[in-house]
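See below for the structure under consideration.
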Amino acid sequence: MPKTAARPKTPPTLQEQLPELRPGQSVELLKELHILTREGKLNQDTRRKLKQVYHLVQFIEPLLQEVLDARGDVSLADHGAGKSYLGFILYDLFFKSMSVGTVIGVEARAELVERSRALAQRLGFERMRFLATTVQQALTHPELPPTIDVVTALHACDTATDDAIAFGLAKQARFMVLVPCCQAEVASVMRRHKAINLSRNPLAELWRHPLHTREFGSQITNVLRCLQLEAHGYEVTVTELVGWEHSMKNELILARRHEPPRPGTTARARERLAQILDELGLQELTSRFTV
């Protein structure tokens, strides 16, 4: 008997390619962000980035809802926004169906800000705003409100995460959601004072080798950030954002401000922070971590 011709395989649907896709999500937005091709197929080069953003959204949405339930409105500032993947997807999934709520993207590169403004206008995302400014300048920017409910920073490089923390503290943020990246400042200070630390402190063996200096410096940077947040009355949780196979910069710091503050907890955090800076020879960074 003649063989029956094999039926051609049905191409996978977008939902099969992207299980995280939610009902009503803007396909046009995903195309504009180059997550989908113009033909509506998944761009594999951006899938990893999208997976990280989706995971982060799952952490942020309950915080936004908590603020919204408490006061009937909610504001979010995203620092080092870049192309505003996070801000756009949050707006599309959470804010779009509401009549309240504001997303503010803070990005130093003016060309990215202009691109984001144009995209928000095309999509009708009326309560998205974008500022071409550094995080430090944003502290006193006249277009920003005196308080912000939620502050985010996804892969803000090196000290930009610290600037985002300083912004959140100044704006009395109820929540901060941080994914640090490329923490080099602390490691450079440890490298500079390595010889004297080795002569007086056996713990300096932890960062004697250059690779260990880089890795330990990155680790201790985030420890200092957590203590800084606790010293200002925040409860801090540290977890993984996604599996390590997707990103090596994978540490997620979630901070929730206590109301009222707990004086005993904040005092202990301040004391530990000072002790660690002293023990590791990082006294010159005191002003950065104790603001």
With the 4.5 Å side-chain cut-off for hydrophobic clustering, are [X] and [Y] part of the same group?
X: Val74; Y: Phe125; value: yes
X: Ile89; Y: Leu56; value: yes
X: Ile35; Y: Met128; value: yes
X: Val53; Y: Val150; value: yes
X: Leu169; Y: Val236; value: yes

Can you tell me if [X] uses its side chain to pair, donor with acceptor, with the backbone of [Y] under 3.5 Å?
X: Glu107; Y: Gly82; value: yes
X: Arg257; Y: Gln172; value: yes
X: Asp149; Y: Ser75; value: yes
X: Lys171; Y: Pro145; value: yes
X: Thr286; Y: Gln283; value: yes
X: Asp73; Y: Gly101; value: yes
X: Thr134; Y: Gln137; value: yes
X: His258; Y: Pro260; value: no
X: Arg127; Y: Val100; value: yes

How many angstroms lie between [atom1] in [X] and [atom2] in [Y], if you round to the nearest 0.5 Å?
X: Leu206; Y: Leu280; atom1: CG; atom2: CG; value: 8.5 Å
X: Tyr85; Y: Leu30; atom1: OH; atom2: CG; value: 10.0 Å
X: Leu273; Y: Cys226; atom1: CG; atom2: SG; value: 11.0 Å
X: Leu29; Y: Lys96; atom1: CG; atom2: NZ; value: 8.0 Å
X: Leu227; Y: His232; atom1: CG; atom2: NE2; value: 12.0 Å
X: Glu271; Y: Thr266; atom1: CD; atom2: OG1; value: 11.5 Å

Could you pull out the closest heavy-atom pair between [X] and [Y], with the gap in Å?
X: Leu144; Y: Ala138; result: CD1-O, 3.2 Å
X: Asp278; Y: Arg200; result: O-NH2, 3.5 Å
X: Ala231; Y: Ala269; result: N-CB, 3.6 Å
X: Glu279; Y: Asn201; result: O-ND2, 2.9 Å
X: His193; Y: Gly281; result: CD2-O, 4.0 Å
X: Thr161; Y: Pro180; result: OG1-CA, 3.7 Å

Quick one: do Ile253 and Leu229 satisfy side chain to side chain contact (heavy atoms under 4.5 Å, CB included)? Show the steps, please. CA-CA 10 Å; Ile253 300 173; Leu229 287 164; 4.1 Å; yes
Does [X] reach the side chain of [Y], with side-chain heavy atoms less than 4.5 Å apart?
X: Asn222; Y: Leu224; result: no
X: Thr147; Y: Arg174; result: no
X: Leu90; Y: Leu76; result: yes
X: Leu252; Y: Val238; result: no
X: Val103; Y: Arg129; result: no
X: Leu254; Y: Leu178; result: no
X: Thr239; Y: Phe59; result: yes
X: Leu119; Y: Arg115; result: no

Among [options], which residue satisfies the side chain to side chain contact (heavy atoms under 4.5 Å, CB included) criterion with [X]?
X: Lys194; options: Leu198, Ile196, Asn197; result: Leu198
X: Val177; options: Leu154, Thr152, Val151; result: Thr152
X: Phe167; options: Val106, Val135, Asp162; result: Val135

I'd like to know if [X] pairs up with [Y] as an ion pair, taking the criterion as any Lys NZ or Arg NE/NH1/NH2 lying under 4.0 Å from an Asp or Glu carboxylate oxygen.
X: Glu205; Y: Arg208; value: yes
X: Glu185; Y: Arg288; value: yes
X: Arg256; Y: Glu66; value: yes

Got a sec: does the [atom1] of [X] have more than 12 other heavy atoms crowding it under 6.0 Å?
X: Glu61; atom1: CD; result: yes
X: Gln58; atom1: CD; result: yes
X: Arg122; atom1: CZ; result: yes
X: Glu126; atom1: CD; result: no

Do Ser116 and Lys83 pair up side chain to side chain, a donor and an acceptor below 3.5 Å, judged on atom types alone?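 No, no side-chain donor-acceptor contact under 3.5 Å.
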One pair to check against side chain to side chain contact (heavy atoms under 4.5 Å, CB included): Val189 and Glu284. What are the steps and the verdict? CA-CA 8 Å; Val189 174; Glu284 67 188 79; 3.7 Å; yes
Centroid-centroid distance, Phe130 to Phe88, less than 6.0 Å: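 Ring centroids of Phe130 and Phe88 are less than 6.0 Å from each other.
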Begin with the C-alpha distance, continue with both residues' side-chain angles, and end with the deciding distance and a verdict on salt bridge (Lys or Arg N to Asp or Glu O under 4.0 Å) for Arg109 and Glu114. CA-CA 9 Å; Arg109 291 167 287 183; Glu114 287 304 317; over 6 Å; no
Partners meeting ring-ring contact (aromatic ring centres under 6.0 Å, His included) with Tyr234 (sequence neighbours left out):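 Here no residue qualifies.
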For Tyr54, which residues count as a ring-ring contact (aromatic ring centres under 6.0 Å, His included) partner, sequence neighbours excluded?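 Per chain and number, Tyr54 pairs via ring-ring contact (aromatic ring centres under 6.0 Å, His included) with no residue.
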Using 30° and 60° as the class boundaries, would you call the ring planes of Tyr91 and Phe95 parallel, tilted or perpendicular?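 Rings of Tyr91 and Phe95: parallel, under 30°.
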Could you please spell out the steps behind the side chain to side chain contact (heavy atoms under 4.5 Å, CB included) verdict for Leu93 and Gln25? CA-CA 7 Å; Leu93 295 179; Gln25 189 165 1; 3.7 Å; yes
Kindly indicate, with the supporting measurements, whether the criterion side chain to side chain contact (heavy atoms under 4.5 Å, CB included) is fulfilled by Ile60 and Leu86. CA-CA 10 Å; Ile60 296 171; Leu86 177 60; 4.2 Å; yes
